[in-house]
Novice: 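Attaching a single structure in structure tokens format; questions to follow.
FYI, side chains are in, hydrogens and waters are out, and symmetry mates aren't considered; it's all heavy atoms of this structure. Each chain gets a letter, A, B and so on, in the order the sequences are listed, and its residues count up from 1. Just so it is clear, the structure is predicted and the values come from calculations on it, not from any experiment.
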Number of protein chains: 2
Amino acid sequence: MRRSAEQTRGRILEAAYKLFRRQGYNRVTMDNIAEAAKLTKRTLYHHFNSKDQLLADVLESQHHLAVQAFRSFGDGLSGSAETIVQAMFQDLAVWADRPRWAGSGFTRLVIELADLPGHPARLIARRHKAKLEKCFGELLAQSGVGRPNKLARAVWLLSEGAVSLILVHGDRGYSAAASEAAITLVRHHLKNNGPELLPV
Amino acid sequence: MRRSAEQTRGRILEAAYKLFRRQGYNRVTMDNIAEAAKLTKRTLYHHFNSKDQLLADVLESQHHLAVQAFRSFGDGLSGSAETIVQAMFQDLAVWADRPRWAGSGFTRLVIELADLPGHPARLIARRHKAKLEKCFGELLAQSGVGRPNKLARAVWLLSEGAVSLILVHGDRGYSAAASEAAITLVRHHLKNNGPELLPV
DNA sequence: TGAAGTATACTCAATAGTGAATTTACATGA
DNA sequence: TCATGTAAATTCACTATTGAGTATACTTCA
């Protein structure tokens, strides 16, 4: 089955991501992944050198998917900064409401590996979060707000906080609270940094 | 050494917390803990039935310590809501600046166990976070602000977000951004909910 | 035929938990 | 006051299992 290599690889990445996202790194075994991808462990090792390597590749591929998803989310919007932020938290609420939701796979894995600063997965996760924050800033810039990156960061903080606290409490109320606080910040920001007539 | 039981137990709890906080649950072994507490694994099992049980007891004891610490933090303050919030983020910045800081042990463990909703450690962590948020609300109430719990939650979200993002990026700039956003929220809140002349 | 892909069946180390014996500190009786 | 019984505290050496990674052989397609 020479031709299916890429396909097999994809199937493994997908199965591995599902498991890592839900159960973290340590509690997922290579056997689990093999079973989920419907092949044997030996085949897994044919495609990936090690568990760490697999994790890194999984995050790399998810990174691209997430950036794409964010871009298409942004393309669907074309309103004020307030509209954008509202849509974002709306999305968060829907996302966090899924049955066995267990937070962002990236955040989860970074935290699990928090004491291993040099781990490749951490570097990828870091790049990922930075990229999304940047994309969000660009989206806000398009809406014409001044100092978009500053606003993006503040809103991003609320969103990350909401993810953490929803996980801890299982209470989606935190999403609404974060949304409200974010809107307040947006309005305040608009007053002080004004919507620029000529977006930079 | 009949009398030292309580002492030994304490030593174990302390050593276990240090390890769990830094390395999470799965990557810490009972042997590690025994070694850190300078005793054998069998003694560990004399004091605690299982690793899960130990984790639960560790969090329980840390919960009490953290609440005490927060209370004494609160007692040292007696200013406006703005002062309180500023002090809080100042504390966060100092805390996160410690050499091998790895975030809040509670958040970390909850996230690691995110897919095990019934785990006793999660219930304790949940109670813990709720309690701290409540204490924070009470502190704000003392400063005379209206709807203190609402403000507390918004600020708390920023603080949790900052912890996450500092962990991901190792960049303390997030603490400053969170602090600034929090101050903005406080001022806005004071304008709309006014400092009540007669604190409820 | 040959190389990519897959399977069976293994190795070796690590780890949660245990069995049984040993030591220690205190309470009690003489 | 001092021997001594006793239960708590501790140790050493073990089991059973799990999990990352591998040796080798078989299969399929170009």
Novice: For a quick check under 3.5 Å, do A/Asp75 and A/Ser72 share a side-chain donor-acceptor pair by atom type?
Specialist: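 Judged by distance alone, the side chains do not pair up.
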Novice: Report yes if at least one side-chain N or O of B/His47 is closer than 4.0 Å to OP1 or OP2 of D/dT10; otherwise report no.
Specialist: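 Yes, because at least one side-chain N or O of B/His47 sits under 4.0 Å from OP1 or OP2 of D/dT10.
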Novice: Which pairs pass ring-ring contact (aromatic ring centres under 6.0 Å, His included) with one or both residues in residues 77-126 of chain B, sequence neighbours excluded?
Specialist: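 Sorted pair list: B/Trp95-B/Trp101, B/Phe106-B/His128.
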Novice: With sequence neighbours left out, what residues match A/Gln62 under side-chain hydrogen bond (donor to acceptor under 3.5 Å, both in side chains)?
Specialist: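 Testing A/Gln62 for side-chain hydrogen bond (donor to acceptor under 3.5 Å, both in side chains), a comparison that skips the adjacent residues, returns none.
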Novice: Can you find a side chain N or O atom of A/Thr43 that sits less than 4.0 Å from OP1 or OP2 on C/dA7?
Specialist: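 Checking C/dA7 against A/Thr43, a side-chain N or O does come within under 4.0 Å of OP1 or OP2.
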Novice: Rounded to the nearest Å, what distance is computed from the CG atom of residue B/Leu54 to the C1' atom of nucleotide C/dT15?
Specialist: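 Going from CG in B/Leu54 over to C1' in C/dT15 covers 15 Å.
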Novice: Quick one: what's the B/S/- string for nucleotides 17-22 of chain D, heavy-atom cutoff under 4.0 Å, read 5' to 3'?
Specialist: --SBBB
Novice: Round to a whole Å and report the spacing from CZ of A/Arg9 to P of C/dA4.
Specialist: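 For the pair A/Arg9 CZ and C/dA4 P, the rounded distance is 15 Å.
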Novice: I need the CG-C1' distance between A/Leu39 and C/dA4, as an integer number of Å.
Specialist: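 Nearest whole value for this atom pair: 15 Å.
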Novice: Hey, is the side chain of A/Thr40 poking within less than 4.0 Å of OP1 or OP2 on C/dT8, counting only N and O atoms?
Specialist: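 For C/dT8, OP1/OP2 do not have a side-chain N/O of A/Thr40 under 4.0 Å.
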Novice: Would you check, one step at a time, whether the test salt bridge (charged side-chain N to carboxylate O under 4.0 Å, His left out) holds for A/Lys134 with A/Glu138?
Specialist: CA-CA 6 Å; A/Lys134 187 166 160 251; A/Glu138 284 163 5; 3.8 Å; yes
Novice: Within the structure, does a side-chain N or O atom of A/His46 lie under 4.0 Å from either OP1 or OP2 of C/dG5?
Specialist: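 For A/His46, the contact criterion (side-chain N or O under 4.0 Å from OP1 or OP2 of C/dG5) is met.
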Novice: Within this structure, what is the CD-to-C1' distance between B/Gln53 and C/dG17, rounded to whole angstrom?
Specialist: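 That distance rounds to 15 Å.
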Novice: What is the distance from CD of B/Glu6 to P of C/dA25, rounded to the nearest Å?
Specialist: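 Distance, rounded to whole Å: 18 Å.
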Novice: Looking at A/Glu112 and B/Arg108, is there a salt bridge between them, counting it only when a charged N and a carboxylate O are closer than 4.0 Å?
Specialist: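 No, B/Arg108 and A/Glu112 are not salt-bridged.
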Novice: Would a line drawn from the ring center of A/Tyr17 to the ring center of A/Phe20 be shorter than 6.0 Å?
Specialist: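 Centroid distance A/Tyr17-A/Phe20: not below 6.0 Å, so no.
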